[in-house]
Amino acid sequence: MGRLMSRQTRKNILAVSGLFAMGAMLVLPILTALPALAAGGASATGGPPPDVVMAQEAEGEGEAEPVEVGRDVYYKTEGPVVGMPAPKTEDTEAFYPRYNFESRVLLWVANQQHLYYGSFVLAVPIFCMCIEFAGLITKDKAMAKKYDQLAYDFIKISLTAYSLTAILGGILIFTFLTLYPAFFGYLSSIFRPVMHIYALMFVAESGTLYIYYYGWDKMKEGMLKWLHASMSVVLNVIGTVLMFLANSWIGFMMSPAGVDEQGRYLGNIWHVIHTALWNPLNVHRILGNMAFGGGVVAAYAAYRFLSAKNDEERAHYDWMGYIAMALGVAFLIPLPFAGYWLMREVYAYRQQMGITLMGGLLAWLFIIQATMIGILFLTTNYYLWQALGRMTGGERFQRYIKYFVFILVVGLLVFITPHTIVMTPAELKAMGGQQHPVLGNYGVMSAKNGGINAIIMTTIASFIWYQRGNRVPAVKWAKFGNIFLITFFVVAHLNNIWVACYGYFIPANVRIGLSIPQVAGTLSCLFIGSALNLAMLRQSRELGPIRWGQIAPRSQYALIMLATAFTWMMGLMGYIRSSVRLFWHVNEIMRDNSPWAYTHTIGFGANVISFNVLFFWITILFVFWLGALGAKKAPVPAMQPVPGGAPQPATSHY
Amino acid sequence: MTWLKLVEGYMPMQMISELGLSILVFVLVNWALHRSGMGIPKFWAGVGVFVFIQLYLKYRIYPPIPFSVRAIYGTVSACGIFMWVSGSEKEWQEFKRPILNVMDGITNFHQSVRTAMLVVIPLALGGFAYSSFLPSFEEPIELRTVHPAPPATTKVHGKTFVLQVVENPYRVNADGDYDQGYTDARIVEQAMGRLMKDVNDPNYNPWDPNADGYIKYVREGGEIFFQNCHFCHGDNLNGRGLWAYAFNPIPANFTDAGTIAQLQETFVFWRVSKGGIGLPGEGFPWASVMPPWEQHLTVDEIWKVVMFEYWHTGYYPRTWD
């Protein structure tokens, strides 16, 4: 026993040391990222390196070479010019080597595939972390085991995808180097230290991920389990920093800072990273990745559900699909608000960029985006309504589905009505002008905000239904609570409609402010409504068990559709974000003089996006297949049913 | 439908309310029929609602809705109806029954329908394919960018204006300082002849012919408008001027919430100065015959006429704060 104890203690010491070592590895790149070090020894404020200063002092003031000073295009501060100007490219093989194919499309595909996998492998460990911690804190041992198994299932899928991410990253860099050498040379000259830190972080991420995965069984008890779970935190911190660094490159391309008008680097790496759009992009991408990751895992679960050979497997993957969908949607709900913030910052940065996006050249792509958002929310609602069918008592809500459908459809119709309508000249003449007197009003932001908020509030209500599916609140104040809850939602909807209408009678700048009460109403429904519902369900009467696995197959197709819509929308939004630079590699700094510096037609863009989506899903199916192959070889004990009971991965949803 | 008019100013809500009320009536009728044992089968209820929505959009809403929008609405309403009829397993089985009955051919009637379908569906698809390949003489569909992004700067009469920061020099308060709040409060609602906001000044008369400052400049802008612009943009600035229908598309309707109300004043200044010919590349197919007014008006006149357009329509230019 003593020997065992000492072995355990040794393991603990080893694990703690490993964790500290990882922490140190994490801190090291951050230290090297400090402006003073990153600028190659120059001071943080941008002066020349200390040795140069000393040499200059020794030579005397009169003989010192004057240091050229440049003015930051964004921060308007002055700094010493330490970089070369942005290359002025020409349409020649020297600047743009090419095959007999459009280089931009090749780069587009390489970039998008890397981003899909990158998003996936960044999101899934966050889910793992949440689920593993959920397993750690639950008192129900059977449930703890199932949560642990679920987290393991998640990371297993992510591991193969991780290798593919690295391979695709390599392909992306080679594509840049071979097809856009001048541009990539310029970008890497500015981001030199950041790129090295990025590479180091990638090594740290890989090491942590492999220890996390392969140490799963070795670190499954006691203190070691907690250390294992803590490792997931380290893993996610590294992953998030990696993403932030990559975002700084695209932020710089859209809204450059830290360089002068000629694109010469002014020695302050923080200015180059912290551009006008960096933070909104960071927030938007984290939420987007999470929603996307949830969608892909839900699709995996749906695929396994539909191909399941027995009830036990069906029950497990039904539950997995539900958890992944719930996590994905939890991040989908705040996503439009983060997008709103990003667009606001884009407008604030450059008015013409905002108009090109939302009202000009790319406006129709935003209508397609709105349609995809609508599909996501409608599909989520549909899945939840189907899921009510596997709960005794769920049918009492299903009779009201038609009213929810009406609100969702009307909200969506308003949300996707285009401001610039596609029509034949004959239709234009019949309409008597570019704006339709009835539908034209749906085309502006006031109505659209009303539409999307109505959709989100209805989705929250569907979640509340779902939580109540097989339960009836038994608290003393249940009646009052129900009345309050219904009144709350009705008032929030009325407030939303009223504000949407009122927006037409006030100036545009005040109208933007009206989105605050609309969003406040929606978020109140989310937080107050959900919290109240949970409080009421703490004492509740169960009408029957959840029959996991006994859900209609069309619900699983809904999950696959959800994931496909996420994938398509991500491809679309990436295209929009990149296209808004129009004919600039780096906005207003480095012009794109390749033959492909024009905006594609919507049809062509949609085809490439669809190709990317198809390619991703074919390759991810391969990843799924590999996951299933591993499962066949090494069945994990937690897959076995809970002794003495029917397969029931969870008895409640909250 | 002339007996029930679409009321100007309330049309968007009227359309949604009418659709909502109609659906509610259907629900009540169906509920009453169910109570009396004669409920409408789910399949036919779904088909009925879909057909009703399409007919409503095609024949109730005037002016006619372009096909592209009706197609979007039709697809979304079809998805909504699918969500409704398949919301629960019981309803889905009920909805599918007539379709499965026809496919299985359980009675002579169903067999005849199945045979008819086997003939009609390929013929319809063939007809669709044939008609889509027929040469068409219609003008192609244009996806016009109505409000293309403006440049960062524009040069008018030799002076460069940074559109993000430039201000209308005539949008001033009593002290002669730029003050959008002051001028916004003095906009008059044309139909009612009263101020849009309380200006807390009992002696203020927006119609005073001897008024100076902001209202004087608006009046001057009005004179410029009626000398130069109203032939196309109309007396009421609604795009229905004397010459309006000589053009396709007709001139912009400033009273619509989707035109100048959406834009910053500097955007309108740029568009008026440069006209249709000065539209950027993304303004394809440059379907605007508006002259570049910088060739006919001074910078001051352009600022004044822009201010008049906002004053007359009761809209405020978009601002950042």
Side-chain angles (χ1 to χ4, degrees), chain A residues 348 350-353 355-356 359-361 363-364 374 378 381-382 385 388-389 395 398 401-402 405-406 408-410 412-414 416-444 447 501 504 507-509 552 554 599 602, chain B residues 6 8 11-13 15-16 19-20 23 27 61 63-69 72-73 76-77 79-80 83-84 86-89 91-92 138-139 141-152 163-164 184 239 248-250 252-253 256-259 261-262 264 282 315-316 318-321:
Chain A
R350 284 289 181 278
Q351 181 193 200
Q352 66 264 42
M353 200 182 252
I355 294 178
T356 301
L361 191 66
W364 248 94
L378 260 63
N381 278 279
Y382 186 70
W385 301 337
L388 284 170
E395 62 283 350
Q398 286 180 324
I401 284 174
K402 51 182 167 285
V405 168
F406 180 76
L408 288 170
V409 166
V410 169
L412 182 59
L413 287 181
V414 172
I416 64 174
T417 300
H419 186 229
T420 308
I421 297 175
V422 175
M423 53 192 154
T424 62
E427 285 176 326
L428 178 65
K429 206 167 243 176
M431 216 169 79
Q434 194 75 42
Q435 310 296 331
H436 194 283
V438 183
L439 308 183
N441 291 287
Y442 300 148
V444 294
C501 297
Y504 288 98
N509 58 324
R554 56 184 180 281
T599 306
I602 293 171
Chain B
L6 289 165
E8 193 154 357
M11 289 189 281
M13 282 313 290
M15 179 180 141
I16 292 175
L19 273 172
I23 302 278
V27 171
I61 304 299
I65 302 175
F67 175 76
S68 67
V69 180
I72 294 172
Y73 285 8
V76 171
S77 52
C79 291
M83 288 169 71
W84 161 46
S86 64
S88 68
E89 194 56 32
E91 287 182 317
W92 178 233
E138 273 191 34
E139 293 173 71
I141 289 176
E142 286 173 0
L143 186 54
R144 182 171 171 245
T145 304
V146 183
H147 303 307
L163 295 181
Q164 188 109 339
D184 284 353
N248 188 12
I250 64 166
N253 172 7
D256 189 287
T259 59
Q262 287 277 306
Q264 284 186 293
E282 74 168 279
Y315 290 130
Y316 312 90
R318 187 169 215 150
T319 54
W320 280 113
D321 41 16

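We use all heavy atoms of the structure for the numbers below, so side chains are in, but hydrogens, waters and symmetry mates are not. Here the structure is a predicted model, which means the values were calculated and not measured.
Only the side chain of A/Val410 comes within contact range of chain B, with at least one heavy atom under 4.5 Å from a heavy atom of that chain. Interface remark: A/Ile602 contributes side-chain atoms only to the contact with chain B (heavy atom separation under 4.5 Å). Contact of A/Ala363 with chain B is not made at all, since no heavy-atom distance falls under 4.5 Å. The contact between B/Pro64 and chain A is made by backbone and side chain atoms together, counting heavy-atom distances below 4.5 Å. Using a 4.5 Å cut-off between heavy atoms, A/Leu412 touches chain B through its side chain atoms alone. Heavy atoms of B/Ile61 lying under 4.5 Å from chain A belong exclusively to its side chain. When heavy atoms are compared at a cutoff of 4.5 Å, A/Trp364 approaches chain B solely by way of its side chain, counted from C-beta outward.
In this structure, the side chain of B/Ser68 engages the main chain of A/Val422 through a donor-acceptor pair within 3.5 Å. Side-chain atoms of B/Glu89 never come within 3.5 Å of backbone atoms of A/Ala552 as a donor-acceptor pair (strictly under, hydrogens ignored). At least one donor-acceptor pair closer than 3.5 Å links the side chain of B/Thr259 to the backbone N or O of B/Asn253.
Here B/Ile250 is the residue among B/Leu19, B/Ile72, B/Ile250 with the most heavy-atom pairs under 4.5 Å with chain A. Among B/Ile65, B/Ile23, B/Leu6, the residue making the largest number of heavy-atom pairs under 4.5 Å with chain A is B/Ile65. For the set B/Ser86, B/Ser88, B/Ala152, the count of heavy-atom pairs under 4.5 angstrom toward chain A peaks at B/Ser86. Residue with the most contacts toward chain B among A/Val405, A/Leu388, A/Ile416: A/Val405 (heavy-atom pairs, distance under 4.5 Å). Options A/Leu439, A/Thr417, A/Thr424, A/Ile401 differ in how many heavy-atom pairs under 4.5 Å they form with chain B, and the most are formed by A/Leu439. For the options B/Met11, B/Glu91, B/Met13, heavy-atom pairs under 4.5 Å to chain A are most numerous at B/Met11. Listed options A/Val414, A/Ile421, A/Leu408 were ranked by heavy-atom pairs under 4.5 angstrom with chain B; first place goes to A/Ile421.
The side-chain heavy atoms of A/Tyr442 and B/Val69, taken from C-beta on, include no pair separated by under 4.5 Å. Using a 4.5 Å cut-off on side-chain heavy atoms (C-beta onward), A/Lys429 and A/Met423 make no contact.
Within 6.0 Å of CZ on A/Phe406 lie more than 12 heavy atoms contributed by other residues, nucleotides or ligands.
Within the model, atoms CE of B/Met83 and CG of A/Asn381 stand 5.5 Å from one another, a figure rounded to the nearest 0.5 Å.
Residues forming a side chain to side chain contact (heavy atoms under 4.5 Å, CB included) with A/Leu413 (at least two apart in sequence, or on another chain): A/Val409, B/Tyr73, B/Val76.
The minimum heavy-atom distance linking A/His436 with B/Pro66 is given by the pair CD2-CD, 4.5 Å.
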